[in-house]
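Here the structure comes first, spelled out in structure tokens, and everything after it is commentary.
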There are 2 protein chains.
Amino acid sequence: MKGRILRDARKIFGEYGFHGTTTRMIAQKVGIDISTLYYHWGEKGDLYEAVVQDIFEDLRSKLVEIEHIIHGKPLADRLTIALDIMTDYLFENPEISNLTLYRYFTKTRHESVLEVKVPETMGNIAYSMGLVNDKKALPVDAKMKMLAMMNSIHNFISGEGFFKVLLDVDHEDYVRVVKETLGFVLIPAFTQATKAQDSSE
Amino acid sequence: MKGRILRDARKIFGEYGFHGTTTRMIAQKVGIDISTLYYHWGEKGDLYEAVVQDIFEDLRSKLVEIEHIIHGKPLADRLTIALDIMTDYLFENPEISNLTLYRYFTKTRHESVLEVKVPETMGNIAYSMGLVNDKKALPVDAKMKMLAMMNSIHNFISGEGFFKVLLDVDHEDYVRVVKETLGFVLIPAFTQATKAQDSSE
DNA sequence: GAATGTTTCCAGCGCTTGATGGAAACGCTT
DNA sequence: AAGCGTTTCCATCAAGCGCTGGAAACATTC
């Protein structure tokens, strides 16, 4: 039950944000009494934090999974495949993108645990993309490139409803142009950078 | 007074979002009685919509201004200058980025006026970036590239508080790496695409 | 069958929210 | 001085919020 609440809370928080979500909405979605919700999770803020933690873990393990798949392939292929898998995954779980972006402007609370793991995860992707040789000591500019990459995807996922009417396309077409656009923007940047790096060595 | 309310409401909405903002917070920020606020603007939702409209107009006129400045210059320069000016502008007015991103997942209301003007504005930038020859008939993929560009900037503006601690840099350094990263990601994509287009003609 | 943990139902608490009302005062023009 | 638009103060409203309490029913385990 505790897990069921977490799963549904994630959807609701992802759709309406922290302030836009009420504990009653979550209880209704799960189909339980509000008392049951408080019995398991206590404060609304604690549940929210658990949700954030949860989506981060999912995202993290997905990145590890992708890293295994693309291992050893040429850079351009690694990027294309990674973008493809990640985009599909986030389209299936848009709350992840929503909540990630929400966290950018929502007033921060304590959130101590995350700050440690984020750099580590970023280090793994950066290494996988051939940006750095050392997974541990990640320079600022490499981190920024990782962020730019992830954010580009998140935006198109979270903005689907908004952009679809703007572009006048259906879901299927939207997914396609998102992938094309991400490829268009991201692949040249990273391949070109590596080429320049190679020729200088 | 009506304008003063709009200006302050913009800041508050930009910082806390629609649900996180209360009419009393706005009144306090302006330094007026809550009755005065309702005297001028009526419903909270109407004020919010006026704010959205307002930031869109600002963004629009800024884009026109940039277009004039970069007119006639080589593509790579156009991009660099445009990114530089736009980034500075948004760092000074982060509510614009915040509210723009907020609109991506916040449940849509009517908002009829915007949908007409957005494509037009995008058409101008796309033309300015050499992506299309006709400002009017803008293909979907060109729109997507414009969105990818704008969103990349907005993210780094809205996420400043979050990313700064992650990267452990101060504001000045952050602004610098943001510009570097945007240049790194966006310039190769657009210059390379144009080169390919030129050689095929 | 006693004990324990879980869930429901319901009632309610204190507080904040968006929004309205009226009376009075202010500044400004005519 | 009268009129008008604006602003303040204060009181208030219904509704919703996060959250708690107790009593009873259920299932599981020992």
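Note: hydrogens, waters and symmetry copies are ignored here, and every other heavy atom, side chains too, is used. Residue numbering restarts at 1 for every chain, and letters A, B, ... go by the order of the sequence lines.
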Could B:Lys44 and B:Phe13 be counted as a cation-pi pair, given that NZ or CZ must be under 6.0 Å from the ring centre and within 45° of the axis?
no
Calculate the interatomic distance between [X] atom [atom1] and [N] atom [atom2]; express it in whole Å.
| X | N | atom1 | atom2 | result |
| --- | --- | --- | --- | --- |
| A:Leu37 | D:dG21 | CG | C1' | 17 Å |
| B:Ile34 | D:dT12 | CD1 | P | 16 Å |
| B:Ile5 | D:dT6 | CD1 | C1' | 11 Å |
| B:Tyr38 | D:dT7 | OH | P | 17 Å |
| A:Asp46 | D:dC19 | CG | C1' | 13 Å |
| B:Arg24 | D:dC10 | CZ | C1' | 12 Å |
| A:Met25 | D:dC17 | CE | P | 8 Å |

Who pairs with [X] by side chain to side chain donor-acceptor pair (under 3.5 Å), at least two apart in sequence or on another chain?
| X | answer |
| --- | --- |
| B:Asp58 | B:Arg10 |
| B:Arg176 | B:Asp173, B:Glu180 |
| B:Lys179 | B:Asp84, B:Asp88 |
| A:Ser35 | A:Asp33 |

Please list, by residue number, the residues of residues 26-33 of chain B whose heavy atoms come closer than 4.0 Å to an atom of DNA chain C; answer none if no residue qualifies.
none
With a 4.0 Å cut-off on heavy atoms, is A:Thr23 in touch with a base, just the backbone sugar-phosphate, or nothing at all?
sugar-phosphate
Could you check whether A:Thr22 gets within reach of a base, just the sugar-phosphate, or nothing at all, counting any heavy atom under 4.0 Å?
sugar-phosphate
Set of residues satisfying side chain to side chain contact (heavy atoms under 4.5 Å, CB included) with respect to [X], sequence neighbours excluded:
| X | answer |
| --- | --- |
| A:His171 | A:Phe91, A:Glu160, A:Lys164, A:Val175 |
| A:Ile34 | A:Thr23, A:Arg24, A:Ala27, A:Tyr38 |
| A:Met150 | A:Leu59, A:His154 |
| B:His19 | A:His19 |

Closest-nucleotide 5' rank along DNA chain C - winner of A:Tyr39 and A:Ser35:
A:Tyr39
Using chain B heavy atoms and a threshold of under 4.0 Å, write down where along DNA chain C the contacts begin and end, 5' to 3'.
C:dT17 to C:dG21
I need a per-nucleotide contact map over nucleotides 24-29 of chain D, read 5' to 3'. Cutoff is protein heavy atoms under 4.0 Å; write B for the base, S for backbone only, - otherwise.
------
Salt bridge (charged side-chain N to carboxylate O under 4.0 Å, His left out): which pairs involve residues 147-159 of chain A, sequence neighbours left out?
none
If we only count heavy atoms from C-beta on, is the A:Thr87 to A:Val178 side-chain gap below 4.5 Å?
yes
